[in-house]
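Numbering of residues begins at 1 and proceeds along the displayed sequence.
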Amino acid sequence: MSTKSDLLLDMRGIKIEGFSDERWHPIIKGVDLQLHRGEVLGLIGESGAGKSTLGLAAMGFARPGCRITDGQILFDGRDLKPMKESEKRKLWGSRMAYVAQSAAASFNPAHRLIDQTIEASLIKGLKSQNEAKADAVELYRALQLPDPGSIGFRYPHQVSGGQLQRVMTAMAMATRPDLIIFDEPTTALDVTTQVEVLLAMRNIVEQFGTAAIYITHDLAVVAQMADRIKVLRYGEQVEEAETRRMLEAPQEDYTKSLWSVRSIQKPEETSEDYVLTLDGVDAGYTRSLKVLKNVNIKVPRGRTVAVVGESGSGKSTTARVITGLLPPSAGSVRFNGEPLPAALKDRSLDQLREIQMIYQMADTAMNPRQTVGEIIGRPLEFYHGMSGRKKEERITDLLRMIELDDSFADRLPSELSGGQKQRICIARALAAEPDVIICDEVTSALDQIVQEGILNLLLNLQEKFGISYIFITHDIATVKAISDEIVIMFQGEVVEQGLKSEILAPPHPDYTQLLLSSVPEMDPDWLDTLVTERS
């Protein structure tokens with residue numbers, strides 16, 4: 001195995017431009033990056049810093065609409081920049097691999113997992129089919145996937161998000177690459193699953209001496225993975241240091257601001273005026289498979305109830321029952337004391353208007369061919385019959401509520417940042433003038449600075465309009481920041497519900513303790529300590 005003293009990647013003076021508004025704009029402005037064999041470099045910064053763009057450039061790749069204009073990319077002594085595409089393709093998938101943020105969007109739903117895992121090895125002629133399949137099973141085992149001998153014969157929709165992310169890592173490792181780019185690979189995972197995936201990824205990188213660039217906005221996660229950390233802002237390097245030194249004594253003001261960004265601490269408020277209640281709800285997607293079991297939840301008017309639990313606990317299924325997308329098999333949902341029809345099609349226009357939803361992935365929640373004005377205008381037409389000048393004025397009002405100006409009305413979603421897209425989704429929900437908004441992981445894909453802005457916006461809107469939020473999340477820091485009450489779910493049941501101060505105070509039931517102890521801390525020894533305590 002090679003040692004970390006061997007320089008694998010040497011990027012010098014990298015400049016990258018992107019094309020928009022009929023001209024080229026600088027994205028990366030002369031950044032250097034060095035990576036040794038077996039080393040993990042953490043690349044952090046807020047949205048738009050250029051993290052993913054620089055990470056992809058390490059493979060000699062630029063996304064459509066981008067171009068590498070200057071600099072040198074030496075991979076194992078060879079300059080990738082002047083290489084022909086055909087030459088680089090020989091390296092991609094064999095000596096270089098990429099693990100994307102969304103595993104679900106990266107797999108072909110029509111093919112079994114093992115066939116996709118071994119595809120690169122077969123295409124590159126590195127192994128026979130039998131050898132590749134046997135190796136895939138060993139990688140599944142190394143990544144601690146359940147039933148490693150048979151899980152590969154499932155389709156992507158038949159495994160959990162955390163399992164799919166580990167299969168994606170196995171796919172990347174199948175050719176034993178020298179370099180892996182991890183691009184926010186645990187962002188969408190719950191905390192307990194994230195611990196398993198982080199540990200598995202770290203172990204397999206160490207086992208094979210693979211060099212890695214780990215792109216993330218989660219400082220506590222990068223603390224567990226990286227040997228060194230590089231901070232980017234607006235396409236420029238802010239600072240770089242060994243991980244422990246960077247965490248203990250960052251030098252630049254911007255880096256210090258990243259370390260201390262989560263400053264929201266909403267004081268909890270009690271109320272017995274319940275706008276929404278779930279009474280004894282059972283629900284499932286087939287008659288034989290019950291997902292929710294006797295779920296009882298109360299949502300106080302004008303307050304925030306955080307619903308917390310790992311993948312498969314029933315959080316999103318509960319949201320589907322509330323919105324009428326999944327009629328319960330038992331129990332009832334009551335709004336303002338009156339029973340809601342179980343199915344969406346049986347609800348009145350006013351009942352539909354009163355409960356709105358904001359989704360996790362703003363990218364897929366908006367029509368990419370509609371302008372912001374059209375997206376926000378649709379509920380104004382549908383629920384309020386607005387048109388013409390009155391509608392345009394209301395769109396402007398809603399844009400101001402989400403702290404954007406009316407120039408955004410003519411933009412397409414592709415012209416917005418992640419935080420701006422989520423603000424537009426909030427404005428679309430507000431357009432209906434609802435009493436309840438369900439927020440389904442609405443900040444999980446955003447960096448910490450943008451998260452804070454979105455959370456502050458939601459709290460300001462709640463104070464102004466008295467909206468009740470059901471905030472589905474796996475982020476305990478977010479729960480602490482904005483909730484009044486917390487509901488803990490496990491395997492389709494409510495384990496606990498109560499005021500934030502009561503739920504977060506010890507002693508905890510076993511499952512609540514597992515959740516709280518799985519939240520990564522900005523301590524490089526945290527993951528090792530956790531593994532020791534649990535073994």
Side-chain angles (χ1 to χ4, degrees), residues 1-11 31-46 49-59 96-101 143 165-166 169 172-173 177-187 189 191 194-233 237-252 254-256 258-259 261 447-448 519-531:
M1 185 185 297
S2 300
T3 66
K4 294 183 183 180
S5 62
D6 299 328
L7 185 63
L8 176 71
L9 180 68
D10 189 4
M11 303 172 72
V31 173
D32 297 341
L33 186 152
Q34 285 75 45
L35 185 67
H36 296 81
R37 294 182 186 276
E39 181 182 38
V40 179
L41 173 69
L43 208 53
I44 68 168
E46 59 190 297
K51 305 185 298 295
S52 294
T53 302
L54 185 62
L56 289 169
M59 302 171 69
M96 300 174 173
Y98 177 78
V99 176
Q101 176 176 345
L143 286 160
Q165 200 69 47
R166 279 179 278 176
T169 302
M173 291 299 305
D178 297 289
L179 172 66
I180 291 187
I181 313 298
F182 290 105
D183 196 352
E184 302 272 15
T186 63
T187 296
L189 304 179
V191 288
Q194 179 176 254
V195 166
E196 295 173 5
V197 173
L198 281 176
L199 189 61
M201 287 192 303
R202 194 179 71 176
N203 289 346
I204 205 161
V205 165
E206 289 176 356
Q207 181 180 341
F208 295 109
T210 308
I213 296 175
Y214 196 97
I215 299 166
T216 184
H217 60 252
D218 192 324
L219 306 174
V221 165
V222 83
Q224 314 312 314
M225 293 294 296
D227 300 297
R228 284 184 297 124
I229 294 175
K230 181 188 286 287
V231 182
L232 292 183
R233 189 186 193 196
Q237 179 174 313
V238 176
E239 65 176 303
E240 180 178 344
E242 182 270 333
T243 296
R244 198 175 296 275
R245 185 158 66 85
M246 180 74 86
L247 293 173
E248 292 173 355
Q251 299 301 302
E252 301 297 324
Y254 174 69
T255 308
K256 293 174 184 175
L258 287 176
W259 268 223
V261 70
D447 68 67
Q448 296 195 359
V519 180
E521 299 173 5
M522 279 175 45
D523 172 4
D525 301 319
W526 173 82
L527 188 56
D528 291 327
T529 303
L530 184 70
V531 171

For [X], enumerate each residue passing the salt bridge (charged side-chain N to carboxylate O under 4.0 Å, His left out) test, keeping only those at least two apart in sequence or located in another chain.
X: Asp523; value: none
X: Lys51; value: none
X: Arg244; value: Asp525

Mind checking what makes side-chain hydrogen bond (donor to acceptor under 3.5 Å, both in side chains) contact with [X], not counting sequence neighbours?
X: Gln224; answer: none
X: Gln34; answer: Asp10
X: Asn203; answer: none
X: Glu239; answer: Thr255

### Query
Can you check whether Phe208 reaches Pro177 side chain to side chain, under 4.5 Å on heavy atoms?
no
#### Entry: Distance-only polar pair, side chains of Tyr254 and Glu46, donor-acceptor under 3.5 Å
yes
Sequence neighbours left out, what passes side-chain contact (heavy atoms from CB on, under 4.5 Å) with [X]? Give chain and number order.
X: Val197; value: Gln165, Arg166, Thr186, Leu189, Thr193, Met201
X: Ser52; value: Arg63, Asp183, Ile215
X: Asp528; value: Arg202
X: Ala100; value: Tyr98, Ser106, Met168

